[in-house]
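Have a look at the structure that comes next, please.
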2 protein chains.
Amino acid sequence: MTPSQNLLAELAKPTQAFSKAEQKVASAILANPELTTRSSIARLAQSAKVSEPTVNRFCKRLGATGFPDFKLKLALSLASGARFINSAVAEDDTAPTFTPKIFNASIHALEITRDSVDPKLIHHVIDEVVASKRIYFFGQGNSGPVALDAEFKFFRFNTPVSAHQDPLMQRMLAAASKPGDLFVIISYTGRTIELVETARLARDSLATVISITAPASPLARASDLAITLDVGEDTDEYLPMTSRLAQLTLLDVIATGVTLRQGQAHLPHLARIKKSLTSTRFDNSEQDA
Amino acid sequence: MTPSQNLLAELAKPTQAFSKAEQKVASAILANPELTTRSSIARLAQSAKVSEPTVNRFCKRLGATGFPDFKLKLALSLASGARFINSAVAEDDTAPTFTPKIFNASIHALEITRDSVDPKLIHHVIDEVVASKRIYFFGQGNSGPVALDAEFKFFRFNTPVSAHQDPLMQRMLAAASKPGDLFVIISYTGRTIELVETARLARDSLATVISITAPASPLARASDLAITLDVGEDTDEYLPMTSRLAQLTLLDVIATGVTLRQGQAHLPHLARIKKSLTSTRFDNSEQDA
DNA sequence: CTATAAATGTATTTTTATTACATTATCTTC
DNA sequence: GAAGATAATGTAATAAAAATACATTTATAG
């Protein structure tokens, strides 16, 4: 663990072996870390009621080369992690307070996912997508729109692709599948009975099944490859499903990987698609009152 | 625009009216911004081959109170924005390298949006949602799934809600609308002709139109309230539409705001919805081989 | 060209941070 | 529980860094 990344947490940690004077410094900083990053050593020493060298020693003990370096690291840890400490939405929140909280929660979910995804697995998934002759995206409920979004994204490739939310349709497609078909099943919980059965049907027909779902869930186990997300949510009544964003971004990653794999060969195809949209748009310059 | 948020971009901007000596300072900083945050003014002056006061003036011109403050702001913009400066996906990227790039681009889009959204506007939007008798979410293309996602989200409230992607259906609904109806139109470009016309039809019928779209776009002008997003993308062939994530999160924010506004009154309603889903799921403990 | 203004640099002062060393408190051992 | 040792803290001096005032140069307009 790098001490620079979480200086604030380090300061607040009760297990820290600070001496009396150092304790004072720590609380003075925690009282207003934001201000501290713009203070002089003299000001901080005064507000902590200790001498300046004590502050300096305190900084060095925490891994900084001196006070300025400490301020820098404090500012950085303030910028990254700190905001999340109390980001639960409360009942008395108003627009200015809950708006950043929700954005931060979403950002946090993406950071977690970014740091936990296994690139090797992504690589394998891309292999499967490239090798497939047909792709189906399945999702129900909240994951339905995600599947639909994936359809738009993967439409750029020459492989036929479709998204389905209807359970019966999903079931029929899975039962009628054949080798070379790829099913990408998206489910936050991985416990939707119909989707798990659909996965089994597809695999019985020797199609490939990839899921984006919860770790160690029935769906993950029923798939050939499972990208598992553990964003950990649904606990707070007010905080929304941040997992969709992680799922969407993951699909972006896969689509990008496929694009890169296919190389320049398909760029004309993309250009044609883009061109087909221009007539539906207002010109960038033109006007309407 | 806050100069603190994007110091690096500010430095690199070619339109900046820097004098000769200041130009030197800018390039010296850009050559190694990371090092600059830990340099003294003397060191930077030397490496830029200018005098120390020139550096100091340079800092003040860019909105800092002095050199230390400038370093702080530089460090902050380095912590947030910097990762993205060269995060364009390159043709020789592989899964381990492009995966974090794409996540970072998404995170960046959310950060930008978080910092640019006007909470007052959000407040007004929530007012409209709460006041409405019926809500329609419209989107086409990539924004279609966003509209659909919103439908799921807003379904929790007692107000009837539906999402539509079909242009004809959208048009008919708008034409047949009446006061109390709320149309939320999602469009990244704000230039889709059909959606703009739909917005006008709805307003002609005295319904309310809120759009989530590009600033100063025809759609924004045709709406009662417009939440504008300027994520700035679509330039890189490989990087995906990060704006959808911003749109989705924005809708999360609005939904949360409505939930908070309605208070405890509707919690039983939510509980009933949650309960209705349990029978479709595998039990958390139970198993299947 | 000259007058003027803008830009840059030099030298100085002020502020800030660090170091060396003295003092005080705390702990250990008999 | 007192003497010696050790750690913690503070005082005062020094060094480093930054900002200022002012001089010089360079560009610009008439």
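Note on naming: letters A, B, ... go to the chains in the order of the sequence lines (proteins, then strands), and numbering restarts at 1 for each one.
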* Residue A:Thr54, side-chain atoms from C-beta onward, closest of C:dT10, C:dT18, D:dG10 ->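 Selected nucleotide: D:dG10.
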
* Rounded to whole angstroms, how far apart are CG on B:Leu44 and P on D:dA17? ->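 It works out to 13 Å between those atoms.
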
* Asked: If we ignore angles and hydrogens, is there a donor and acceptor under 3.5 Å between the side chains of B:Arg244 and B:Asn142?
  ->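 Short answer, no.
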
* Grab the CZ-C1' distance between A:Arg38 and C:dT16 for me, whole Å please. =>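 In whole Å, C:dT16 C1' and A:Arg38 CZ are 17 Å from each other.
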
* Asked: Roughly how many Å is it from CD1 in B:Ile41 to P in D:dA15, rounded to a whole number?
  ->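 Interatomic distance, CD1 of B:Ile41 to P of D:dA15: 22 Å.
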
* To do: Mind calculating the distance between CZ (A:Phe70) and P (C:dT16) to the nearest angstrom?
  =>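 The distance from CZ of A:Phe70 to P of C:dT16 comes to 18 Å, rounded to the nearest Å.
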
* Any side-chain N or O of B:Ser51 less than 4.0 Å from the OP1 or OP2 oxygen of C:dT8? ->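 The answer is no; no side-chain N or O of B:Ser51 sits under 4.0 Å from OP1 or OP2.
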
* To do: Please check the phosphate of C:dA17 (OP1 and OP2 only) for any side-chain N or O of A:Asn56 closer than 4.0 Å.
  =>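 No.
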
* Once you round it to whole Å, what is the distance between P of C:dA17 and CD of A:Gln46? ->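 So the CD-P distance, A:Gln46 to C:dA17, works out to 14 Å.
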
* Asked: Between the side chain of A:Ser106 and the main-chain N/O of A:Ile102, is any donor-acceptor distance below 3.5 Å?
  ->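 Judged by distance alone, yes, a pair lies under 3.5 Å.
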
* B:Lys60 NZ - C:dT8 P separation (whole Å) ->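 Rounded to whole Å, this separation is 16 Å.
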
* Can you check the B:Arg57 CZ to D:dA18 C1' distance for me, whole Å? ->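 In whole Å, D:dA18 C1' lies 13 Å from B:Arg57 CZ.
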
* Asked: Separation of B:Glu52 atom CD from D:dA18 atom C1', in whole Å?
  ->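 Rounded to whole Å, this separation is 8 Å.
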
* **Considering all heavy atoms, the nearest B:Gly190-B:Pro218 contact** =>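 B:Gly190 and B:Pro218 have their closest heavy atoms at O-CD, 3.4 Å.
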
* Side chains of A:Thr54 and A:Ser51: do they bring a donor and an acceptor to under 3.5 Å? ->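 Indeed, the side chains of A:Thr54 and A:Ser51 share at least one donor-acceptor pair under 3.5 Å.
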
* Asked: Which one, C:dT16, D:dA18, D:dT11, comes nearest to the side chain of A:Pro53?
  ->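 Selected nucleotide: D:dT11.
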
* Base, sugar-phosphate alone, or nothing: which one does B:Lys71 contact when heavy atoms must sit under 4.0 Å apart? ->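 Sugar-phosphate contact only - B:Lys71 comes under 4.0 Å of backbone atoms but never of a base.
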
* To do: Check for a donor-acceptor pair, side chain of B:Arg203 on one end and backbone N or O of B:Ala222 on the other, with a separation under 3.5 Å.
  =>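 Yes; at least one donor-acceptor contact below 3.5 Å.
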
* To do: Would you indicate what B:Lys24 reaches in the nucleic acid, counting non-hydrogen atoms under 4.0 angstrom: base, sugar-phosphate, or nothing?
  =>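 No contact.
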
